[in-house]
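Structure first, then comments.
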Amino acid sequence: MRPYIIFRYVGIVLLFNAAFLLVSAAISFHCHQPDFLPLLYSAVITILFGIFPLIYVPPSSYIYNIEGLVIVVSSWLLSCLVGVLPYILYGGEFTLANAWFESVSGFTTTGSSILNNIEALPFGLLFWRASTHWIGGIGIIVFVLAVLPAIGQASMLLSRSEISPLAMKNFQYRTQKTLKILLIVYLSLTFLETILLVACGMGLFDAVTHSFATIATGGFSTRNTSIAYFDNPAIELVIIVFMILSGIHFGLLYSAASGKIRYLWKSSIVRFYIGAMVVGTALVAICIHGNIYEKWSYAIRYAAFQIVSLGTSTGFSTTDTARWPAFAVLIMIYFTLQCACSGSTSGGIKVERILIFWKSIQTRIKKLKHPKAVVTLKMDNAFFPEDVVTTSLLFIILYLGVVFLSTLLLTGMGVDILSAFSGSAACMGNVGPGFGTLSSLANYGQLPVAGKVVLTVVMLLGRLEIFGLILFLSVRSWK
Amino acid sequence: MKLRMKILSGFLILVIMLAVAGIFSIYELMSISSSVQSLLDDNYKSIDAAKKMIEAIERQDSGLLLSISGEYREGEQMTGKADRAFLSALDTAKNNCTIPNERDIVEDIDRKYGAYKAIWKDFSSGTPANYDMDWYFGHGHPAFLAVKAAAGELMALNDATMYQTASDLKNRMHRIIMPGIVAIVSALVFAFLFNYFIHRYFVNPIISITTEVQKILKTGKPFSVEIETNDELKDLASAIQDLSFQVRK
């Protein structure tokens with residue numbers, strides 16, 4: 001492994017972060033707000049650290065597998081560290097632990113916040129907060145590859161670490177093309193949503209920051225009451241549509257935009273993803289109608305938004321779900337665990353793995369009925385080899401294991417069981433809001449410092465799909 | 001990039017880190033000093049004026065009670081003195097309206113005080129017969145309480161602003177200290193990074209070149225050292241290679 005190559009590539013990622021810090025500082029300067037100096041100083045430090053390796057290390061045309069992984073994980077961790085700077089320099093509600101939590105939550109596109117009063121933050125910091133989602137959403141590594149002349153094998157190895165391996169199995173794009181597609185889709189969706197939100201009556205600043213958070217499936221809002229603040233069905237509808245779109249594999253979205261819309265509906269993954277959300281919305285609407293909302297229109301409106309928000313790992317909210325019945329809460333916890341499709345910015349177990357799980361049960365039953373039959377797992381005319389199935393099932397077990405361990409640690413710190421479990425699941429799935437004291441309109445500020453640190457580790461594990469972080473930590477034992 | 005520039009860039013980055021942190025801290029310190037000044041000038045003056053108004057109006061109320069109870073001369077003296085003190089404090093407050101809504105409150109005090117004074121202005125030639133305790137509790141006391149409440153409102157507004165300014169000062173103190181801490185930590189991390197690059201791109205090639213030159217002297221093998229960077233070290237290696245080639249010839 002060549003550490004100097006890693007320094008160079010991570011430096012480029014830092015420069016990308018610095019560009020957003022400078023934009024945030026410019027916004028702050030324009031509004032004459034007190035976060036200008038913290039943002040500017042953070043940008044200066046980030047630029048200096050980013051530019052230094054570029055002075056010394058010459059470009060390399062190839063990157064080894066191990067280096068690819070270390071670049072991805074280091075970029076993520078260092079971006080989280082850079083993200084801390086403007087927060088701790090600004091002060092206010094940001095202690096070191098709070099700043100770290102907010103930064104990790106931003107870059108992993110989780111959207112959990114420690115802030116009691118988001119609206120008290122100056123515009124520059126609000127923009128930086130939303131930018132952390134946007135940068136993290138597409139994956140820092142994509143930016144690394146988009147701005148680097150490095151091509152071929154290097155790009156492939158890096159993107160393998162970044163994007164869910166299942167998504168890579170489904171789509172045999174060349175890596176360069178994949179990156180271009182991801183960027184085109186990502187930028188187009190952000191731009192389109194911003195225009196639609198402005199057209200629905202949202203201010204430009206709110207529209208841009210909420211678009212950043214939606215497309216990255218993040219969930220940071222500029223308002224204390226999230227989307228509930230706007231109380232506008234048109235805005236909610238636009239956000240619902242873009243949350244659903246952001247949960248679909250970007251390659252499929254690109255195909256659909258290129259006129260091959262049938263690909264979307266042909267995909268059993270997309271059908272399951274949409275179908276599950278329709279069924280979930282119907283069940284929750286039936287459950288909360290009469291109990292919480294008198295009118296069906298309100299029950300369906302709020303149920304649809306919350307289910308889509310959790311089912312895509314975004315985490316926006318239009319109402320306080322803390323008052324909702326246990327049945328509705330359980331359905332939403334299912335969506336917190338499942339989340340959306342691979343190849344999107346969503347977190348969680350992902351629809352593909354859930355489908356593989358169900359289909360492997362079906363194949364197992366068939367095998368029991370006909371012990372001599374050759375039964376293979378098939379999805380969308382593609383056969384899944386045994387090792388893919390085993391890895392998927394192992395991932396689900398590990399995923400739930402991490403959630404359980406985190407719940408155990410949080411309850412040990414005095415957090416109630418519902419808050420501890422739902423908070424752990426929400427952080428692991430990069431969803432954001434949990435239930436109990438961590439419900440949709442509450443925040444994570446009340447948790448003990450150790451609890452916040454545990455949840456940031458869980459967020460990183462979730463974002464790097466567990467194996468990524470484990471491999472990074474065991475990098476010395478690689479051969 | 002040449003060696004000189006590479007080394008310079010390392011030190012330059014360290015200097016920029018520390019200098020920018022210093023400039024930011026000095027800027028925040030200067031803004032703290034102006035905040036403290038405004039805290040004293042704006043808020044403290046108004047709070048003091050409000051206190052004096054409350055004291056004066058209380059003395060006027062006592063004077064009014066003395067007059068009603070028959071001690072006309074003592075009452076007149078007391079109210080006259082308190083009136084001057086009240087107007088002086090009101091004047092200070094009028095000239096020190098620095099907070100939003102403060103001018104409205106001061107104008108309200110002025111209006112209410114005018115109404116209060118109007119009800120006992122005919123005392124100048126002695127206490128009229130119909131001015132008794134019933135009159136006092138019906139007219140004099142409510143007017144006195146209204147002026148006192150308005151002055152209290154002025155004091156509360158300035159107290160709240162003073163608290164806010166003090167909280168801002170705490171935040172500003174944080175913003176003075178933090179760039180220093182960040183600069184120190186960054187400089188430490190940067191020093192390790194700089195050291196790594198110096199070692200890898202300067203020291204290692206020099207060691208390789210030296211070893212190879214010694215090998216030439218001992219064994220006469222051809223000189224071959226790969227230098228990745230395009231700087232003076234590459235030129236040196238290439239010059240030694242040429243030299244060894246010439247010597248071998």
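As a basis for the values below, the full set of heavy atoms in this structure was taken, side chains included, without hydrogen atoms, waters or symmetry mates.
Cation-pi geometry between B:R175 and A:Y90 is met: the NZ or CZ atom falls under 6.0 Å from the ring centre, inside 45° of the normal.
Crowding of A:F123 atom CZ: a count of heavy atoms from other residues, nucleotides or ligands under 6.0 Å not exceeding 12. Taking a 6.0 Å sphere around CZ of A:F29, one finds it holds 12 or fewer heavy atoms contributed by other residues, nucleotides or ligands.
Counting heavy-atom pairs closer than 4.5 Å to chain A, the top residue among B:V20, B:I177, B:D231, B:I23 is B:V20. The candidate with the highest count of non-hydrogen atom pairs below 4.5 Å against chain A, out of B:R172, B:K170, B:K6, is B:K6. Ranked by heavy-atom pairs under 4.5 Å with chain A, the list B:R200, B:M178, B:M17 is led by B:R200. Heavy-atom pairs under 4.5 Å with chain A peak, among B:S167, B:S9, B:P179, at B:P179.
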Checklist entry - Would B:F24 and A:L89 satisfy side chain to side chain contact (heavy atoms under 4.5 Å, CB included), going step by step from the backbone distance to the final call? => result CA-CA 11 Å; B:F24 286 174; A:L89 286 168; over 6 Å; no

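In this structure, A:Y41 and B:A183 approach most closely via the heavy-atom pair OH-CB, 3.2 Å. The two residues A:L37 and B:E28 have their closest heavy-atom pair at CD1-OE2, 3.9 Å. Minimum heavy-atom separation, A:Y56 to B:I7: OH-N, 3.8 Å.
Between the CZ atom of A:F94 and the NE2 atom of B:H174 there is a distance of 10.5 Å, given to the nearest 0.5 Å. Atom CG of A:L48 and atom CG of B:L14 lie 9.0 Å apart (nearest 0.5 Å).
For the pair A:P58/B:Y201, a side-chain contact is recorded, criterion being any heavy-atom separation below 4.5 Å from C-beta on.
Both the backbone and the side chain of B:F190 come within less than 4.5 Å of a heavy atom in chain A. With a 4.5 Å cut-off on non-hydrogen atoms, B:Y196 touches chain A through its side chain but not through its backbone. For chain B, no part of A:I47 is nearby; none of its heavy atoms comes within less than 4.5 Å.
Ring centroid separation for the pair A:F52 and B:F197 comes in under the 6.0 Å cut-off.
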